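The structure appears right after this line, and notes come after that.
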2 protein chains.
Amino acid sequence: MENILKTQAVAKPEVINMLKQKGISPTQQRVEIAQILFSKPQHLSADQVMGIVNNGEQRVSKATVYNTLGLFANKGLVREVIVDPTKIFYDSNIQSHHHFYNVDSGELTDIHAHTVQLNSYPELPEGTEADGVDIVVRLRNKKD
Amino acid sequence: MENILKTQAVAKPEVINMLKQKGISPTQQRVEIAQILFSKPQHLSADQVMGIVNNGEQRVSKATVYNTLGLFANKGLVREVIVDPTKIFYDSNIQSHHHFYNVDSGELTDIHAHTVQLNSYPELPEGTEADGVDIVVRLRNKKD
DNA sequence: ACAGCAGTTTAGACAAAGTCTATATTAATG
DNA sequence: CATTAATATAGACTTTGTCTAAACTGCTGT
Ligand SMILES: [Mn+2]
Ligand SMILES: [Mn+2]
Ligand SMILES: [Zn+2]
Ligand SMILES: [Zn+2]
C-alpha cells in the first residue's frame, strides 16, 4: 500500500450529490473515496486509493476500496484504464479521451480527445455493440 | 491450466529459422512453443500455451513458458496485448493491426490495420518516443 | 424506543497470474 | 572428454484482486 499525501479534497456535499445522481447511497467510505478521486483528473490504482484514504485517521478496508471502485466504474463515475498488465487504473476523468503509456516509467497521461481522430470505423461483429474505443500510445524514454 | 487440443503445428525447420533470425537459440522448449504460437494468427495466454504444450508427452515448466513468451515478446516475435486485466494475450500476428475485445465473452479478435485510420497524431512528451499505438474497441453483446 | 431488516463494511482466507531463486540439465567449446 | 555458459526446472513467493461469513449501520414500522 503506497503512502501518498492526501491532496486538496473536493467538497463533501458536492460528491454526495454526484453519488446520489448515479443512485449510489453516499456512505462514509464511498464519500471518502470519491473525495480523493474527484479532487482532480487523475489515474489511480486501487492500491494508491487505499494508501491515500488510509493515510488519515479513517480506516477503510481493502474489500471496501475494491468494492467501491468497482461500483463507481459500473455506474460510470470513473473509467477503468487497462494498460499495465499488473493493475487497473481508475480514471477520474470520464470525458472521452485517450492515453500515453510510458512503459519505462509506468506513467499514464492523457491525450485530449480532439488531438486524435479515427477517420474510419470497423464493422462490428454480429450481435455486439461498441462499448468504447481505447487508444493507447505506448512510449519509451529516448535513450541517446 | 486449460486443456486445449494441439492443432496443426508449423514445420520445425521453419520456426527454428524464425528463432535464429532473431538471435534466439532454438532449444527444444522454445521450438515447441513457437510451433504452437505460429501455427496460425491467434491470441493465447501463457496459461493456454502451457495447456497446449503440455497436452502431449513433452513437459515444459511454467517458468520456461513465461520466460519464453517474455523472450519472444522482447525480440519482437510476438506481441503482447493488454486488454484483460487478469492476463496478457500473446498475439502471433505482429503485423500492425488492432483489436475488438468483447468484455462479455473475453473474446479477442483482430481489426485489420487499414479498417481504422488515425488522421491526427498527438505530440509526444519531451524525451520520449512512440513504441506503438494500440486501438481497442470494447464490445458488449447486444441484449434485446 | 426498539425490533427487524436491507444494505454495507470488514477481516482474513483464498485464487490466479506472474516472478524469483537455487539447483539441475543441456549444449557448446576447447 | 572436461569445462563452462546458457537454459530449464520446481517450488516458494509476491501482487492484485475476489469471496465469504460475520459484524455493523441506518432506516422503518409499531
Ligand atoms: Mn498480471
Ligand atoms: Mn489483476
Ligand atoms: Zn485519463
Ligand atoms: Zn491480433
Side-chain angles (χ1 to χ4, degrees), chain A residues 1-4 15-16 19-20 22-34 36 43-54 56-75 77-78 80-90 103 106 108, chain B residues 1-4 15-16 19-20 22-34 36 43-54 56-75 77-78 80-90 103 106 108:
Chain A
M1 190 175 72
E2 294 189 25
N3 195 24
I4 285 183
V15 303
I16 289 179
L19 300 193
K20 282 180 175 167
K22 297 282 185 174
I24 299 170
S25 30
T27 65
Q28 269 295 316
Q29 293 85 343
R30 288 169 181 170
V31 170
E32 282 262 339
I33 290 171
I36 291 162
H43 310 105
L44 295 176
S45 67
D47 191 65
Q48 288 178 309
V49 170
M50 185 98 173
I52 299 168
V53 79
N54 286 339
E57 63 299 329
Q58 171 73 21
R59 311 243 92 214
V60 179
S61 73
K62 186 173 64 155
T64 298
V65 170
Y66 278 93
N67 286 345
T68 300
L69 290 172
L71 178 68
F72 286 3
N74 246 311
K75 297 289 189 174
L77 271 178
V78 297
E80 294 184 346
V81 182
I82 315 290
V83 279
D84 180 320
T86 73
K87 56 178 171 288
I88 295 173
F89 284 110
Y90 292 88
V103 295
L108 183 63
Chain B
M1 189 174 69
E2 292 186 27
N3 195 25
I4 286 183
V15 302
I16 289 178
L19 299 192
K20 283 181 175 167
K22 297 281 185 175
I24 298 169
S25 30
T27 64
Q28 271 294 317
Q29 293 85 343
R30 288 168 181 171
V31 170
E32 283 262 340
I33 291 171
I36 291 161
H43 311 105
L44 294 176
S45 66
D47 191 66
Q48 287 177 309
V49 170
M50 185 101 172
I52 298 167
V53 78
N54 286 339
E57 65 298 330
Q58 170 75 22
R59 308 244 92 215
V60 179
S61 73
K62 185 173 67 155
T64 297
V65 171
Y66 277 94
N67 287 344
T68 299
L69 291 172
L71 178 69
F72 286 4
N74 246 314
K75 298 287 188 178
L77 271 177
V78 296
E80 294 184 344
V81 181
I82 315 290
V83 279
D84 180 321
T86 72
K87 57 178 171 287
I88 296 173
F89 285 109
Y90 292 88
V103 295
L108 183 63

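Model, not experiment: these values are computed from the prediction.
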Taking side chain as C-beta onward, heavy atoms only, is Tyr90(A) less than 4.5 Å from Glu80(A)?
yes
Under the criterion side-chain contact (heavy atoms from CB on, under 4.5 Å), which of Ile33(A), Leu19(A), Ile24(A) is the partner of Leu71(A)?
Ile24(A)
Side-chain contact, heavy-atom cut-off 4.5 Å: Met50(B) with Tyr66(B)?
no
Would you say a side-chain N or O of Ser61(B) is under 4.0 Å from OP1 or OP2 of dA8(D)?
no
Give a yes/no answer on whether the side chain of Arg59(A) brings an N or O atom under 4.0 Å of OP1 or OP2 in dA11(C).
no
Whole angstroms only, please: what is the CE-C1' distance between Met50(A) and dT18(D)?
14 Å
Separation of dT15(D) P from Asp84(A) CG (nearest whole Å)
14 Å
Between the side-chain atoms of Lys62(A) and the base atoms of dG12(C), is any donor-acceptor pair under 3.5 Å?
no
Start at the 5' end of DNA chain D and walk down; is the nucleotide closest to Tyr90(A) or to Thr68(B) reached first?
Thr68(B)
Pairwise 5' ranking along DNA chain C for Ala63(B) and Thr27(A), keeping only the more 5' one
Thr27(A)
Phosphate contact (dT10(C) OP1 or OP2) by Gln29(A) side-chain N/O below 4.0 Å:
yes
Side-chain touch Ile36(B)/Leu44(B), heavy atoms, less than 4.5 angstrom:
yes
Counting only side-chain nitrogens and oxygens, does Ser25(B) get under 4.0 Å of the OP1 or OP2 atom of dA27(C)?
no
Base, sugar-phosphate, or nothing for Thr86(A), non-hydrogen atoms under 4.0 angstrom?
sugar-phosphate
dG18(C) OP1/OP2 closer than 4.0 Å to side-chain N/O of Tyr66(B)
yes
Take the protein atom CZ of Arg30(B) and the nucleotide atom C1' of dA8(D), then report the distance between them rounded to whole Å.
9 Å
In whole Å, what is the span from the CD1 atom of Ile24(B) to the C1' atom of dA27(C)?
17 Å
